[in-house]
Amino acid sequence: MLPGSPLVELLLIAGGVALLYAGAELLVSGASDVALAVGLKASTVGVTVVAFATTAPELFVSLLGAVTVSTDIGLGAIVGSNVANIGLVLGISALIRPLDVSETVLRRHVPFMVLAALLLVGLGWDGRIGLVDGVVLLATLVAFTAAVLRNVQQNQSAISDEQRDEMPDAKARDVAAVVGGIVALVLGSRWLIDGGESLLSAAGFSDIFIGLTVLALGTSLPELAASVVAAVRGEAEFSVGNVVGSNIYNILAVIGIVAVVTPIGVAPSVRGFEFPALLTFTAVAVGMMAYGERITRVNGAVLTVGYGAFVYLLLP
């Protein structure tokens, strides 16, 4: 097999996705055990620890793509990943089992998801997301983190001594899992970028299409795996919290950091289709969550079909 051949690039993509998945599983498992050891609720774990952990692939892919290839890669990966999180991850999870939405996620975290989407579209509407825009996104991330920590503090104070005695202890292997997961994510994202960019560029596809499809779907696999497993186990709060938190971190943390490192150009086609699609999927998901505080199987089917239509319309 020659370097740069289609088979090599396909193997790189497959290996990258596999490493991203394995790394996210290690990171999620270790971080979740540590968080549960200090008494965090399932919904809070989903929207914070696991959401941040499963956002790591988007961070690595977007940073590496922006620095070594094109900022279109990073922007496309984030917009595509957020749409995939709602349409594919929530959709498939709800098809497996209807998802109840906790009041904490609906009242305290969903508004930040909406705000993040509006900020991305608003700041990028002039065709560029620069240093100042990145600082605004990161400042909003600080506000979100402060709100979450305040909620965690309130929950911690409500834990009785008996409940504390029943909590598991954090183990050294959990910390090792977190470190191993990060290493796998770094390597996996590098392989995914190399394989996906080379293969699709050779076929004549644009950087934004590459980011919106292969990379976005690849980096959404950790969220999909975590949420589907949670749905199967009947832990709906975990599934919904994971998607909401991931969409918040994708924009506020990843785009914020990339914009501080290097300005992000926003193509007219992104403002004309991808941004409206992101706002539409976000609005539909929020409406479904607010109506009866549950995402039904019918809702899941609508989201999944909607995501299929989104990918179809992206085809050149």
Side-chain angles (χ1 to χ4, degrees), residues 1-34 49-82 84-85 88-89 172-202 205 207 210-229 242 245-246 249-250 253-258 260-262 264:
M1 293 184 295
L2 298 175
S5 70
L7 182 56
V8 171
E9 308 303 348
L10 285 172
L11 289 174
L12 276 175
I13 292 174
V17 170
L19 275 177
L20 283 172
Y21 177 80
E25 282 294 308
L26 282 172
L27 194 54
V28 168
S29 175
S32 296
D33 288 343
V34 171
V49 179
V50 175
F52 186 77
T54 54
T55 296
E58 285 89 341
L59 176 59
F60 292 126
V61 165
S62 296
L63 277 175
L64 289 172
V67 173
T68 63
V69 183
S70 163
T71 55
D72 279 350
I73 289 283
L75 180 63
I78 294 307
V79 176
S81 181
N82 277 22
N85 282 347
L88 196 63
V89 178
R173 69 182 182 189
D174 297 329
V175 177
V178 171
V179 175
I182 292 174
V183 172
L185 288 171
V186 173
L187 186 56
S189 61
R190 178 72 266 179
W191 287 3
L192 186 60
I193 277 199
D194 286 346
E197 193 274 336
S198 298
L199 190 63
L200 291 183
S201 289
F205 290 94
D207 286 341
I210 295 168
L212 281 162
T213 53
V214 173
L215 298 183
L217 186 57
T219 55
S220 286
L221 286 177
E223 283 91 342
L224 180 61
S227 294
V228 166
V229 169
N242 181 28
S246 292
Y249 289 121
N250 278 350
V254 181
I255 293 295
I257 292 172
V258 173
V260 168
V261 173
T262 180
I264 301 171

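In this chain, residues are counted from 1 in sequence order.
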Task: Min side-chain heavy-atom separation N85-N82 under 4.5 Å - done: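 Yes; the side chains approach each other to less than 4.5 Å.
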
Open item on the list: List the residues meeting side chain to side chain contact (heavy atoms under 4.5 Å, CB included) with L187, not counting sequence neighbours, and say none if there are none.
Closed with: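 L187 satisfies side chain to side chain contact (heavy atoms under 4.5 Å, CB included) with L19, W191 only.
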
TODO: Measure the spacing between CD1 of I257 and OG1 of T262 and express it to the nearest 0.5 Å.
DONE: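 Here the rounded value is 14.0 Å.
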
